[in-house]
Amino acid sequence: MKKIIIIGASSGMGMRVATDFARLGWRVGIVARREDRLKEIKELYPDRVEYMAFDVAEKDAVDKFYNLIELIDGMDYLLYAAGCGWYNPALDAERDEQTLQSNVIGFSRIITAAYKYYRDTATLRRGHIAAITSVAGMKGIGVSATYSASKRFQWTFLQAIDQLAHQQHVNVAITDIRPGFVDTPLLGAHKTYPLEMSIDYVAPRLEKAMLRGRRVSYIDSRWAVVTALWRMVPDSLWRRIELTL
């Protein structure tokens, strides 16, 4: 039986992927801050799902993460689906700190712990670390400065871990999944966004990218084109572009 741990499974893409794999018969470990939402998922699949409620920014998050691995008797896949971000042109310090705690501190803490788990178990079966980042990592976005910067950090951190795995001969694949706008609680319900996608549309593509072990996967091809165009925009022109999210 395959085993997966999903960080950020109380809503959005994390919840959808958790229920999809539990339905397929996988052993699923789920993590989020909201214990009530985790209990609801376990009640749907009591024999396949185990959970632990904690914040990835907590100092003992790694210990709890390892306890969950032990509880489901191993980990073939990790999916990091947690995160937060704000439309924050005022640069509100509290919102920026929350974003950094989740998207940088918690992210690097859990990804590092997963890497060390695969490094130290020395198993012949290949491990897999996947994370949902964002197309926002391509450029610094003024109205969401901390969010876009944190996503760039995630891109670079995953790239570095992939290189380290090659150098240290650790049998682990790294997948960076970069969606555009997805209709989840993170976006809020107050407006629509360009090229916005539903969870039903994104989930199977995300799962396929993870299972196939793709190093980087944009969801979908339209966003791959958009970010390729963004990459070619010089800084002198980018600063003049007004992005309203």
Side-chain angles (χ1 to χ4, degrees), residues 1-83 101-133 154 157-158 160-162 164-165 168-177 206-207 209-211 213:
M1 180 184 295
K2 291 289 185 69
K3 306 175 185 71
I4 183 171
I5 289 182
I6 301 169
I7 309 295
S10 62
S11 65
M13 291 307 309
M15 175 183 282
R16 172 59 183 268
V17 174
T19 55
D20 282 351
F21 280 96
R23 186 170 57 251
L24 291 172
W26 286 45
R27 187 81 163 134
V28 180
I30 52 177
V31 173
R33 289 175 297 177
R34 295 186 56 182
E35 186 171 4
D36 58 329
R37 302 298 296 273
L38 299 178
K39 285 182 178 179
E40 291 175 6
I41 300 173
K42 180 169 175 58
E43 287 171 359
L44 291 173
Y45 304 97
D47 297 329
R48 300 173 187 171
V49 172
E50 299 293 344
Y51 72 86
M52 285 196 176
F54 63 87
D55 189 328
V56 293
E58 296 173 0
K59 291 185 177 180
D60 61 349
V62 169
D63 291 336
K64 293 177 179 177
F65 173 61
Y66 285 146
N67 288 341
L68 184 58
I69 294 176
E70 185 175 351
L71 190 60
I72 68 169
D73 194 28
M75 178 178 68
D76 298 302
Y77 287 82
L78 167 72
L79 175 64
Y80 193 97
Q101 285 292 326
S102 177
N103 298 0
V104 176
I105 301 300
F107 177 89
S108 58
R109 181 174 287 154
I110 297 298
I111 298 299
T112 297
Y115 177 80
K116 290 180 177 179
Y117 167 78
Y118 290 126
R119 181 197 65 191
D120 297 342
T121 53
T123 178
L124 294 177
R125 179 184 291 182
R126 193 181 199 191
H128 203 122
I129 297 171
I132 302 174
T133 63
Q154 292 179 351
F157 194 83
L158 292 170
I161 291 296
D162 183 57
L164 185 64
Q168 296 184 342
H169 307 289
V170 177
N171 193 17
V172 60
I174 308 294
T175 297
D176 181 349
I177 302 167
L206 183 159
E207 292 161 1
M210 181 177 67
L211 294 175

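In this chain, residues are counted from 1 in sequence order.
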Without placing hydrogens or testing angles, list every side-chain donor-acceptor pair under 3.5 Å for residues 27-35, not counting sequence neighbours.
from, atom 1, to, atom 2, distance (Å)
R27, NH1, D47, O, 3.2
R34, NH2, D36, OD2, 3.4
E35, OE2, Y51, OH, 3.4

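- Here K2 pairs with W26, D76 under the side chain to side chain contact (heavy atoms under 4.5 Å, CB included) rule; sequence neighbours left out.
- Atom-to-atom distance recorded for F65:CZ and I7:CD1 is 5.5 Å, nearest 0.5 angstrom.
- Residues V172 and H128 share a closest heavy-atom pair of CG2-N, 4.0 Å.
- From K59, atom NZ reaches atom CD1 of I105 across 11.5 Å, with rounding to the nearest 0.5 Å.
- In this structure, F157 CZ and D162 CG are separated by 12.5 Å, a value rounded to the nearest 0.5 Å.
- The OG1 atom of T175 sits 11.5 Å away from atom CD1 of I132, with the distance rounded to the nearest 0.5 Å.
- The line from OH of Y115 to CD1 of I129 is 8.5 Å long, rounded to the nearest 0.5 Å.
- Of all the heavy atoms in M15 and S10, the pair that sits closest is CE-O, 2.8 Å.
- The list of salt bridge (charged side-chain N to carboxylate O under 4.0 Å, His left out) pairs with a residue in residues 10-20, not counting sequence neighbours, reads R16-D20, R16-D200, D20-R23.
- Considering all non-hydrogen atoms of both residues, S102 and A82 come closest at OG-C, 4.3 Å.
- Residue Q168 places its CD atom among more than 12 non-hydrogen atoms of other residues, nucleotides or ligands, all under 6.0 Å distant.
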Checklist entry - Does the side chain to side chain contact (heavy atoms under 4.5 Å, CB included) test come out yes or no for L44 and V49, once each step is laid out? => result CA-CA 9 Å; L44 291 173; V49 172; over 6 Å; no
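- Although no hydrogens or angles enter the test, the distance criterion places a donor-acceptor pair under 3.5 Å between the side chain of R48 and the main chain of A22.
- For the pair Y117 and L78, the minimum side-chain heavy-atom distance is 4.5 Å or more.
- Within the 4.5 Å cutoff, side-chain heavy atoms of Y45 are placed close to those of T19.
- Taking NZ of K3 as the start and CD1 of I72 as the end, the distance is 7.5 Å to the nearest 0.5 Å.
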Next on the checklist: Could you go through Y66 and V62, starting from their C-alpha distance and side-chain angles, then the distance that decides it, and tell me whether this counts as side chain to side chain contact (heavy atoms under 4.5 Å, CB included)?
Outcome noted: CA-CA 6 Å; Y66 285 146; V62 169; 3.4 Å; yes
Item to check | Chi angles and distances behind the side chain to side chain contact (heavy atoms under 4.5 Å, CB included) call for F54, D60 | outcome: CA-CA 9 Å; F54 63 87; D60 61 349; 5.8 Å; no
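- A pairwise comparison of heavy atoms in A81 and G8 identifies CB-O, 4.1 Å as the closest pair.
- Using a 4.5 Å heavy-atom threshold, the side chains of L158 and I111 count as touching.
- Using a distance-only test at 3.5 Å, with no hydrogens or angles considered, a donor-acceptor pair links the side chain of R109 to the main chain of E58.
- Looking only at side-chain heavy atoms (C-beta outward), K42 and K39 stay at 4.5 Å or farther from each other.
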Next on the checklist: Working note: M75 + Y118, criterion side chain to side chain contact (heavy atoms under 4.5 Å, CB included); need CA distance, chi angles, decisive distance, verdict.
Outcome noted: CA-CA 9 Å; M75 178 178 68; Y118 290 126; 3.6 Å; yes
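- When all heavy atoms of D55 and A61 are compared, the closest pair comes out as O-CB, 3.7 Å.
- The shortest non-hydrogen separation linking I177 to M210 is CD1-CB, 4.4 Å.
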